[in-house]
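Structure record follows, encoded as structure tokens.
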2 protein chains.
Amino acid sequence: MATPESGATLESVAFAAGVSRQTVSNVLNAPERVAPETRQRVEEAIQALRYRPNRSARSLRTRMSNLIGYCVQPALAGNINPVLDRFVHAVTEYAAEHGFHLLLFTAPAGSAGLDRYAELLAQRAVDGFLLTDTVVGDPRPGWLTEQGVPFVAFGRSWSGPDRGRWVDVDGAAGMTEAVEHLHALGHRRIAFIGWPEGSGVGDDRVAGYTAACLRLGLDPRVVRAEGTVDTGRALAGALLDGADPPTALVCVSDLSAYGALRALADRGLRPGPDVAVVGFDDTPAARLPGVDLTSLSQPIEQIGREVVQMLLGLLGVVELPPGPEHRLLRPTLVVRASSRPAGSAPAAPTEAR
Amino acid sequence: MATPESGATLESVAFAAGVSRQTVSNVLNAPERVAPETRQRVEEAIQALRYRPNRSARSLRTRMSNLIGYCVQPALAGNINPVLDRFVHAVTEYAAEHGFHLLLFTAPAGSAGLDRYAELLAQRAVDGFLLTDTVVGDPRPGWLTEQGVPFVAFGRSWSGPDRGRWVDVDGAAGMTEAVEHLHALGHRRIAFIGWPEGSGVGDDRVAGYTAACLRLGLDPRVVRAEGTVDTGRALAGALLDGADPPTALVCVSDLSAYGALRALADRGLRPGPDVAVVGFDDTPAARLPGVDLTSLSQPIEQIGREVVQMLLGLLGVVELPPGPEHRLLRPTLVVRASSRPAGSAPAAPTEAR
DNA sequence: AATCCGGATTTGATCGTTCAACACGTCGAG
DNA sequence: CTCGACGTGTTGAACGATCAAATCCGGATT
């Protein structure tokens, strides 16, 4: 059996079904306009010839490529990659349900990268963009809005006028939950290991921490440095060695938290029973035995769905969800040994891998 | 200043330059056919109008979409993700140099997923495919070859006739290097923690270990289980508690190695000085302080380049590299504390992040 | 009986590009 | 002097789909 003519066209299907081009086209795009009987005949011909509309031809005519541009960042050395990985998968899946696909490209950070976006638009290669890793002073939301280009961001626009639609994780709420969790366990001296001021994400998270402390009558105590394991280790070490050492450490990211865990180990302290540690992102390493880090997990799949829905709404493919232009989703706290008192839940139920 | 007419076409450029469509087209696709003077005039018009050829129209005519299909797997819970992340980035970058882009899609594993590939082909949405995570009995290479579809795999075809082109990491060579490294450090009882027989990747790696042992006059000793942290911990524990315990453990993956590290910690043994541990993949967690795992790092960027080059060669876009149909690249051993004797290189030079 | 209506289907034009063939002038060889 | 080759540039036709308007036809209206 030969490959069933890899080149079926509207015309060939039409001929096989004894109708005209347009009728076949209607069967696919506006079935209600075709009489049931003819429709069936056409559908059989489509099956028989394994016909699928040619995407280039359709795009040329309709001026829609059914492709969504997505910029893959120069991998930040194992930072938030796992999160983005799941995000991309979720987005790809939801987009496919509506006949859309992701088109990947790379671009330098900042306004130097805007040409790449412009290039794809000029070529009409994409219908819109999905942004991730929006940062303070990110030129993309403003520029895309000016150009009238449909886009949705995973991550709010952190500065300037709040432009375009976005979905984001409520880091502040997550950190508040972390503090409340620790407070409920009896901790009263809870410190925060953060990033330098000026990063939108970091400032949001520290704000949640501070607010929770104030509400619970605790003294907020924030130290900051670049978010590497080594700095986390140093900051935590300084806190633990200083006067009035904290009994719990809330960290702006898992990476900082790994550093904090290391600082505990350096001093013979047990994470959990002696000093509690909480991270953010729930990276794969967090669940490793021997690490067992309590962390805030982002609802990535849901974000993926919402982002796709918004973008397809802007493109007129689905009905634009009536809600607000922005969506803030709460992360969920995954409690592991690093924030459990001694003896509680000794052998955690085996987590999936 | 308004948006410079977002809709420049060949025709409008031709009018501006006082030539015909085809001449403009030639300036772009076959400049040598155009007289230098006219060429310059046309190029100026192109600049002025910010003209970029419409991709759909070009695709329709040339029957090339300039898109490469790439299937994103349902994230395997933090397994080899970081590796694939870097791979995708590298591929995207190299492909872009030739005007190609990656188109993402999802598909169920096994032959159930072949429809998704077929669908994209029927729509002429992609010119070829890039495969990753090829497994034993993978139907894709055979099917694509039968259909005459251009593709290149990252990962050899592990069973059946060896079809199509691929680039892969020489796991056996890597494991051999690991054994030699440990042997040079004085280790004589080196055990291997592997996966169950039947996985191509796992069998390849154990083969390299076994060969090296035999060549060095060591007794190969292989234990196997599913490659999770917990099983790694259990297997390593059994070895360490058994008769004639090994002084070094070579692990089929970082995940198993993390389990092995945990088993050492359970028994108060120090990784490195007491028992050496080596993993595979150099996952981000390997470099965390407190983990510091010696591991084999895959040359992902190079694989990305080679894979793209081969595929574009098959598509006739670049000259097909004259070499063999397959390329095996050696991983490099990254030595960290888990395989260093006591006191050597006390404070490792700060690794990047 | 002539008219109108509306659902079902068809026809021509078009999206923007490249391919194939052809027109034009010049130049060198026979 | 004629012919063919060559360098340069043009024109018509296609690629395969959708849009917009035209056509067809049976049945209800007047």
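What you see is a predicted model, and the numbers here were worked out from it, not measured in a lab. Just so it is clear: chains get the letters A, B, ... in the order the sequence lines come, proteins before strands, and each one is counted from 1.
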Looking only at non-hydrogen atoms, find the nearest pair between L314(A) and R165(A) and report the distance.
CD2-NE, 3.8 Å
Measure the spacing between CG of D133(A) and CZ of F154(A) and express it to the nearest 0.5 Å.
8.0 Å
Hey, is CD on Q40(A) packed in by over 12 heavy atoms from elsewhere, all under 6.0 Å?
no
Return yes when atom CD of E32(B) has more than 12 non-hydrogen atoms of other residues, nucleotides or ligands closer than 6.0 Å, and no otherwise.
yes
Integer-rounded Å distance: [N] [atom2] and [X] [atom1]:
X: R33(B); N: dA23(C); atom1: CZ; atom2: P; result: 18 Å
X: E32(B); N: dC6(D); atom1: CD; atom2: P; result: 16 Å
X: F15(B); N: dT10(D); atom1: CZ; atom2: C1'; result: 17 Å
X: R39(B); N: dT8(D); atom1: CZ; atom2: P; result: 9 Å

Report all interatomic pairs (protein N or O, nucleotide N or O of nucleotides 16-22 of chain D) with separations under 3.5 Å.
unit_1, atom_1, unit_2, atom_2, d
dG16(D), OP1, R63(B), NH2, 2.5
dA17(D), OP1, Y51(A), OH, 2.7
dA17(D), OP1, N54(A), N, 3.0
dA17(D), OP2, L10(A), N, 2.5
dA17(D), O5', Y51(A), OH, 3.2
dT18(D), OP1, N29(A), ND2, 2.7
dT18(D), OP1, R58(A), NE, 3.1
dT18(D), OP1, R58(A), NH2, 3.1
dT18(D), OP2, S25(A), OG, 2.6
dT18(D), OP2, N29(A), ND2, 3.4
dT18(D), O2, R61(A), NE, 2.7
dT18(D), O2, R61(A), NH2, 3.3
dC19(D), O4', R61(A), NH2, 3.2
dC19(D), N4, Q22(A), OE1, 2.7

Should I46(B) and L28(B) count as side-chain neighbours, where that means a heavy-atom distance under 4.5 Å?
yes
With the side chain counted from C-beta on, respond yes when R327(A) and Q309(A) share a heavy-atom pair under 4.5 Å apart, and no when they do not.
no
At under 4.0 Å between heavy atoms, what does S59(A) touch on the DNA or RNA strands: base, sugar-phosphate, or nothing?
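Nothing: the residue S59(A), judged by heavy atoms under 4.0 Å, touches no strand.
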Below 4.0 Å: OP1/OP2 of dT10(C) and any side-chain N or O of T23(A):
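Yes, because at least one side-chain N or O of T23(A) sits under 4.0 Å from OP1 or OP2 of dT10(C).
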